[in-house]
Amino acid sequence: MMGKVTLRNLAAHKIRLVLTAVAVILGVAFVAGTLMFTDTMNKRFDDLFSRIGTNVAVDVRAKKVVDGDDDGSAAQPVPAAVLKAVQNVDGVKDPFGNVTGYAAVVGADGKVVGQSGEGPPQLGTNWNPKGSYDLKTGRAPRGPHEVVIDADTASKGKIAVGSTARIVTSGQPARMTVVGLIDTGDLMGATVTAFDTPTAQRMLLKPGFFSDIEMASSGPSQAELKSRVAKALPEGMEAVTGTELREETKSDIASMLNFFRTFLLVFALISIFVGAFIIFNTFSMLVAQRTRELALLRAIGAARPQVTRAVIGEAVAVGFVGSTFGLAAGAGLAAALQAASGMGGGLTFTASPVIWSYVVGIVVTVVSAYFPARRAAKIPPVAAMRDDVALPQRSLRIRVALGSLLTLVGAGLIGTGLSGGGSSAVALVGGGAFGVFIGVAMLAPVISVPVVRVLAAPFAKVMGTPGRLAQQNALRNPRRTAATAAALMIGLALITMVNVMGASMRKSVDAQIDRQFGADYLVQPQGGGGIDPGVLPKVKATPGVQAASVTYEGKAKIAGDGTTYMAGDVAAIASAARLKIVSGGTDLGAAGMMVDEGTAKDKGWKVGSTVPAQFTDGKTQRLTIAGVYAKSDLIGGKVIALPVYLAHTAKPSADALLVDAAGTDAGTKAALETTLKDHPNLKVSDQASLKKDARKQVDFIVTFLSILLAMSVIIAAVGVINTLALSVIERTREIGLLRAIGISRRQLRRMIRLESIVIAVFGALLGMGIGVSFGAALQNALKDKGLSELSIPFGTLVAYLVVAAVIGVLAALWPAWRAGRMDVLKAISTE
C-alpha cells in the first residue's frame, strides 16, 4: 500500500521530481565522467605499451643513483663496449643500442612544432629497423644529413618527404633532409624524430655511447637471460627484463593517472556535497508541505516506519533517475575531456563508472532525505485534524552548540595539518574544511537573521511593499534560507580561496623577481633540451651586452639525500640572484659547494665542512662548504663548483643563460632575439616578461580550478530555483491573498526576485568570508615555501557578489513567472 502511495506521489509531482533530480544528475555526471575518462586513458596507455618493446627480452642501462630521477634525465650513458660485451652472451639475439634525447622540428612557419612549455615530449632517437615504429612512407635515414619524423608532426609543420627541415636539439641546430615519415600510432601529441645511430649519438648524447641497450632472446627465458647478461656487465650497469621495464613505465603512468583521477574526484565530491544540501533542503520542504497528508496516513493506520519508508522510497526513485541521467551526462563530460586532451578514438566503458554512479547517486539522496523522513514519521495522527500543524523543529540552541564545536574542531584540524606537514596533512586539512563547512552551515540560521535584515533593508526602503515582503519571506524561515545559502557558500568559499591563493602567488612571484633577479635578461630553452654551448660567444658579441654566463643543473645524492643543484660561474650566479652571503664566499675552487642557511642549519654544516656527494656516473667525491647564503627561491639550496659538474656529466647542457646589458637601451632585447633567431627553442626574458609568464601559469591554474568548482555553484543555483519554486507552491494561498488585496503581478514577481537575490548574496558573503580565511591561512602556512605575500583580490570578490546577485535573479525567473500566472480564486481556496 505504501509503495503505491510513493509511486502516486512521484507521478503527481513530476516537476518536483525533476528539480530534485537535477542536483543528483550534476554531481553524478562529474563522478561518472571522471571515471570514464581515466578508464579510457588507462586503456589507451595499456594498448600503447602492449605495442612498444614487445620484442625486448632484456634491457641494459646505468644504475639509477639519484632517488626521484624517474624521467632518467640525469642517467649516465652506456659505453659502446657494453654492447660488444653482451653480444657474446649465450642466448642474446639482435642486441641494439638505443640513443634518446631532446629533438624538435621547426615547421614552415619558423616555430617549433608542438612546443608548449610543459606539453607533450619532443623525442629524438636513433632509427631501429626492428623497433616499435614503422615507416609510413619513404626510407630509413642514412648519413649525417638525413632524418625521419612522425607523420603527425610533418602534417602540423607542413613538411613533406624530400623537403629540408630544421632540427633543434641541445646542440647546434641542423638542416636535414626528411627521407621518411614514421607511423607512431597514438602518442598523445608527442613528436618523434629519428636519425641514424652515429648522427643520433653526436646530436643527442655523445659519440660512442648509448642511452640503453635492448636485446631479444634466442631461447632462454627473460629471467635466465637477465642473469646471464648481468654477469657480463661492468660496475654501474644493470640488466632488467623487458617485462620489468614495461611495468616500470606503466607504473609511472598509472601513478600519474591515479593522481589525476583523485584530483578530479575531489571536485566531484565537492559537487555531491553541495548537492546533498540541496536534496536535504528539498525533502525538508516537501515533507513540510505534505504534513497533513502524512499525518492522515498515520491516522488511518500507517506506522512510523511505513511513513519513513514512503519518503525514503521517493528518495530512492529520485536517486535512481538522477543517477541514470547523470551516467549519460558523465559520458558526454568524458567525451569532452577526451577531446580537450587531444586523444582520438572512442570511450572505454567498464562496470566501475556504472556501479559508482548508482551507489553515489542513490546513497547521497537517501542519506540526505533520511532526517526529513524521520521528522515526518514523528507527526502524531491527531495532527491530521488541525490546520496549523507543523513539523517538529529542534531548538537552535543545540544547533548553535554543535555548529560552534564543529567549526572550532575543523579550524583546529586545518591549523594542525597546515603547520605539521607530513603524509596526514592533506587528510587533516580536508577533514577540517569539511568540519568548518558543516559547522558554519549549522550556524547559518542564526547568522542569517541579522545579515539578511541588513542586506534586505535597502530593498525595503527603495522597493516599498515588494521589498518589505521579500525581507520578511527571507527571515520567516531562517533554516530554509540558511540551507539554500549554504550550498552556494561552499562553492564560492572554495573559488574565493583559490583566487586568494592565486593573487598571493602572483604577488609573491613578483616580489621574488624584484628581490632576487639581478640579471637584465634570462635566456631559457622552451619545451625541453638545453642550450647549445656555441650560443654563449654569440650572445657575448651581441651589441649592448656587457657580460653573459651559462648555468647548469645537475642531480646528485649529497650526504645521502637525492637533490638538484646548480653549477656555473658562481660570481655571476650570485650577482644574478642577488644572493646574500651569510658566511664564507663565492670562491668554490675545484671542489667547493655553497648551500643556503636552511640546509646548513638542518645538516649542521658550516664553512669548511666536507660533504660526500655521489653523482649520476656512480662516482663519489667529497665537497667542501665554501659559503652559506640566505634562502633563494630562484637558485635553490645548493650551488656546486663547475669543474665538479663537468667531471661527472657525460654531455653538459646549460639550462639557462644570464645576460647583463651595458646600459638601459631597450633595443638590447631585440638584438638578443636577432642573435638567437636560428634557435627558435630559446626565449629571451627580462623582469617584466618573467613576471608575465609566471602570472600566465598562475592564471591558468586559477581558471582551471575555478571551472571545476563552477559545477558546485551551478548545483547551488539549481538549489535556489528549487527552494523558490517549492516556496511558491507552499505559499499558494498567501500569494492568492496578496493578489486579492491589490498587489500586482509585477510586484509579486519583484518580491520573489528580491528574496532570491538576498539568499544568493547572503550565501556569497558567507562563502567569501570563509574563502578569504582559508586562503590567508594557507598563505601563512606556505610562507617559508615561497608564498611570502598575502593578496586579497577585492575586485574579483566584488565581481563574485555581482555574479551571486545575477544568479539570484536568474534563479527566480521561473518561480516568479509561475507565481504571477496563478489564478487568484484557486490560490485562495488552496488548503
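Positions are given from 1 along the sequence.
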Is there side-chain contact between V523 and L682, with heavy atoms separated by less than 4.5 Å?
yes
To the nearest 0.5 Å, atom NZ of K683 lies from atom CG of L690 at 8.0 Å
Worksheet item: Ion pair present between E248 and R61, side-chain N to carboxylate O less than 4.0 angstrom?
Response: yes
M501/L782 under side-chain contact (heavy atoms from CB on, under 4.5 Å): CA gap, chis, key distance, verdict: CA-CA 10 Å; M501 289 296 292; L782 298 173; 3.9 Å; yes
Where the side chain of Q201 meets the backbone of K206, is there a donor-acceptor pair that is under 3.5 Å apart?
-> no
Flag the pair I581 / V628 as yes when at least one side-chain heavy-atom distance between them is below 4.5 Å, and no otherwise.
no
Item to complete: Compare all side-chain heavy atoms of W605 with those of E597 and state whether any distance is below 4.5 angstrom.
Response: no
One should read off an interatomic distance between D693 CG and Q524 CD, to the nearest 0.5 angstrom, of 8.5 Å
Nearest heavy-atom contact between T193 and I149 is CG2-CG2, 4.1 Å
* Mark yes or no for whether D532, through its side chain, and S170, through its backbone, hold a donor-acceptor pair below 3.5 Å. => no
Distance col, row L642:CG vs D569:CG, nearest 0.5 angstrom, shows 8.5 Å
- Item | Under 3.5 Å: donor-acceptor pair, side chain of S689, backbone of D686 | yes
Scanning both residues in full, the closest heavy-atom pair of P680 with V106 reads CG-CG2, 3.6 Å
- Any donor-acceptor pair under 3.5 Å linking the side chain of T199 with the backbone of F195? no
Report yes or no: do T551 and D655 form a side-chain donor-acceptor pair below 3.5 Å? yes
Heavy-atom closest pair (S632 atom, Q516 atom, distance to 0.1 Å) is OG-OE1, 3.6 Å
Exercise. Is any side-chain N of the basic residue among R695 and D510 closer than 4.0 Å to the acidic one's carboxylate O?
Worked result: yes
Closest non-hydrogen contact found for A174 with M203 is CB-CE, 4.0 Å
CD1 (I414) and CG (L428) are apart, to the nearest 0.5 Å, by 10.0 Å
May I ask you to check whether T542 and T675 show a side-chain donor-acceptor distance below 3.5 Å? yes
Quick check: do I635 and V639 have side-chain heavy atoms less than 4.5 Å from each other? yes
CD1 of I558 to OG1 of T620, rounded to nearest 0.5 Å, is 11.5 Å
- With a 4.5 Å limit on heavy-atom distance, are the side chains of L522 and F517 in contact? yes
With distance as the sole test, does T169 use its side chain to make a donor-acceptor pair with the main-chain N or O of G171 at under 3.5 Å?
yes
Shortest non-hydrogen pair, Y102 vs V168, comes out as CE2-O, 3.8 Å
Worksheet item: Hey, is CG on D109 packed in by over 12 heavy atoms from elsewhere, all under 6.0 Å?
Response: yes
Exactly one candidate in Y565, F615, Y552 meets ring-ring contact (aromatic ring centres under 6.0 Å, His included) with H648; the answer is F615
| said: Whether the side chain of S575 engages the backbone of A572 through a donor-acceptor N/O pair (distance < 3.5 Å, no angle test) should be reported. | reply: no
Any side-chain heavy-atom pair of K555 and T563 under 4.5 Å: no
**Message:** Any side-chain to backbone donor/acceptor pair from D150 onto T191? Under 3.5 Å, distance only.
**Reply:** no
On a heavy-atom basis, the closest approach of A548 and L657 is CB-CD2, 3.9 Å
The single option from L204, N126, L205 that satisfies side-chain contact (heavy atoms from CB on, under 4.5 Å) with S211 is L205
Strictly by modelled atom types, are D602 and T599 linked by a side-chain donor-acceptor pair under 3.5 Å?
no
task: Take T624 and M593 through the side-chain contact (heavy atoms from CB on, under 4.5 Å) test and state the conclusion after the steps.
output: CA-CA 6 Å; T624 302; M593 178 172 68; over 6 Å; no
dist D633:CG -> D596:CG (nearest 0.5 Å) comes out at 9.5 Å
Q. Would you find a donor on one side and an acceptor on the other, under 3.5 Å apart, between the side chain of Q122 and the backbone of V113?
A. yes
Hey, is the main chain of K638 close enough, under 3.5 Å, to the side chain of Y629 for a donor-acceptor pair?
-> yes
Working note: L778 + M497, criterion side-chain contact (heavy atoms from CB on, under 4.5 Å); need CA distance, chi angles, decisive distance, verdict. CA-CA 9 Å; L778 274 172; M497 181 188 71; 3.7 Å; yes
**Study point:** Short side-chain donor-acceptor distance under 3.5 Å, T125 and T100
**Key:** no
Regarding K691 and D514, does a basic nitrogen lie under 4.0 Å from an acidic carboxylate oxygen? yes
**Asked** Are the side chain of S508 and the backbone N or O of S788 linked by a donor-acceptor pair below 3.5 Å?
**Response** yes
Exercise. Would you say I640 and M566 make side-chain contact, with heavy atoms under 4.5 Å?
Worked result: no
Check your understanding: Is the closest side-chain heavy-atom distance between K783 and L790 below 4.5 Å?
Key -> no
**OP:** Test side-chain hydrogen bond (donor to acceptor under 3.5 Å, both in side chains) on S504 and S791 and set out the steps.
**Re:** CA-CA 5 Å; S504 299; S791 177; 5.5 Å; no
As a quick check of understanding, evaluate side-chain contact (heavy atoms from CB on, under 4.5 Å) for Q526 and V112, giving each step before the final call. CA-CA 9 Å; Q526 302 295 298; V112 174; over 6 Å; no
### Query
Can you tell me if Y800 and N499 form a side-chain donor-acceptor pair at under 3.5 Å?
yes
